[in-house]
Amino acid sequence: MSERTGQPSHTSLYEENIAKEKFALIVRFGYVAMSVHLTNASPSQTMTATQFQRLPDREAAIRKLERIAADNLHNTLRILRYNQAEQIFLYRLSSKLIPLQTHELLADWDPYAALEQPLRELGEYGRQHRFRLSFHPDHFTVFSTPRQDVLMKSQQDLERHVSLFERMGLDERYKCNIHIGGTYGDKVAASDRFIQRILQLPERLRMRLTLENDDKTFTAKETLDTAHALGLPMVLDLHHHAVNHQGEHAVDLWADIQQTWSNEAVRLNQLEDELLAPKIHISSPKSEKEKRAHADYVEVDPFLEFARAIAPFTPRLDVMIEAKRKDAALFQLMQDLSTVDGISRINGAALEMFS
DNA sequence: ACCTGTCAAGTCTGG
DNA sequence: CCAGACTTGACAGGT
């Protein structure tokens, strides 16, 4: 293996997988939060703090928040049923399922009292159909921050996401993906601070994390080093890598990135579990000028080039599509890929590449 | 029914 | 030091 690819050698588990898959790469695709095909199915409906305060009856206002949250959970279940019908097994949950959950106006509100049942139902459906569900707390979750107040809020927001997983009955295989954060003029100090902060987190939060390279600050290589230091899996974003790297090639980092997922599978004693297959993000630049912004759809070629290059030493890959047109972009990409030589479609959103 | 402005968050840049 | 850009989907309020 290592002679063949020039990559570092791999575990015996890895060799077994390769033998079993006969050098075929199985790729599954998914999309983020909302479907553009389903109507009136937003999982992210909300209420502004201003509106909440404007309502004279606070109890009634809270009931309204709970109705919005229940509706978001119901819409998420509708989306999962749709995903099941379309055979899409990768899906990122909305971070806005429960509006104003961490707002200081609602510090005394326990939203779970009213939402326990729908959350459990959602998690059960997800487990039953083997969906790979994830969260991506937004970019205001910054553990590299030097500010204590920002750190507190970041931990609070991560806690909120992990609690949702727990209330859904979804164990540590279900992950919250985050970025490292800002540099504040000193990248080394910032990543050191990040590492120390993550090490100080309660284990139930720390072990939910995956780390993703970002488009401005921490490159894939730097994120991989940080993931190694913390023993966390890494999600490689190919678009971010394309606009933020120091000359290194994603394919050359891949063996080590893949290894972070094998390590996690070993840690959780879930060696063959597809929930812990290595995962990447793909998206395409909106335009020449707006290289970082996401386009409506995803171009085939950059993904195809990467997938072909890693196929000889990768049995399985999960791909999250980050495109404005969400599931429509997924279907378009599947169609574009299905006409390519050496690729056969397994089902709605999974395919097999032979090498 | 549609359109425009606003809302949240934290970081970073430009003035 | 402060204002504005960045990002995102959806609300809020106007026509």
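Just so it is clear, the structure is predicted and the values come from calculations on it, not from any experiment. In the text below, chain A, chain B and the rest are named by the order of the sequence lines, each starting its count at 1. Side-chain atoms are counted along with the backbone in the values below, which use heavy atoms only and exclude waters and symmetry mates.
Atoms CZ (A/Arg67) and C1' (C/dC11) sit 16 Å apart, rounded to a whole Å. Nucleotide C/dA12 holds its C1' atom 11 Å from the NZ atom of A/Lys64, rounded to whole Å. Nucleotide C/dC11 holds its C1' atom 13 Å from the CG atom of A/Leu65, rounded to whole Å. Atom CD in A/Gln53 sits roughly 16 Å away from atom C1' in C/dC11 (whole-Å rounding). Here C/dT8 presents its P atom at 19 Å from CG of A/Leu93, a figure rounded to the nearest Å. At whole-Å resolution of the value, CG in A/Asn40 and C1' in B/dA1 are 14 Å apart. One can place CZ of A/Phe52 at 13 Å from P of C/dA12, the figure rounded to the nearest angstrom. For the pair A/Arg92 CZ and C/dG9 C1', the interatomic distance rounds to 14 Å; values are reported in whole Å.
Between C/dA10 and A/Ser42, a contact under 4.0 Å exists linking OP1 or OP2 to a side-chain N or O. Within the structure, a side-chain polar atom (N or O) of A/Gln51 is placed less than 4.0 Å from OP1 or OP2 of C/dA12.
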Practice problem: Sugar-phosphate means primed atoms, P, OP1 and OP2; the rest is base. With that split, encode nucleotides 7-15 of chain B 5' to 3' as B, S or - using protein heavy atoms under 4.0 Å. | Solution: -SBBSS---

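Between A/Tyr82 and A/Tyr31, the ring planes lie perpendicular to each other; the angle is over 60°, past the 30° to 60° tilted range. Classification of the A/Phe89-A/Phe131 ring pair by plane angle, with boundaries at 30° and 60°, yields tilted.
Across A/Glu290, A/Arg292, A/His239, a single residue satisfies side-chain contact (heavy atoms from CB on, under 4.5 Å) together with A/Pro285, and that is A/His239.
Each of A/Ser44 and A/Ala293 has a nearest nucleotide on DNA chain C; the 5'-most of these lies closest to A/Ala293. Mapped onto DNA chain C by nearest heavy atom, A/Ala323 and A/Arg54 fall at different nucleotides, with A/Ala323 at the one closer to the 5' end.
Residue contacts for A/Lys286: at a heavy-atom cut-off of 4.0 Å it reaches no nucleic acid atom on any strand shown.
Aromatic rings from A/Tyr125 and A/His129 are positioned such that their centres are separated by under 6.0 Å. Taking the six-membered ring for Trp and the full ring otherwise, A/His136 and A/His179 have centroids separated by under 6.0 Å.
Within 6.0 Å of CD on A/Glu248 lie more than 12 heavy atoms contributed by other residues, nucleotides or ligands.
A/Thr219 and A/Asn213 share no donor-acceptor pair across their side chains, judged by distance under 3.5 Å alone.
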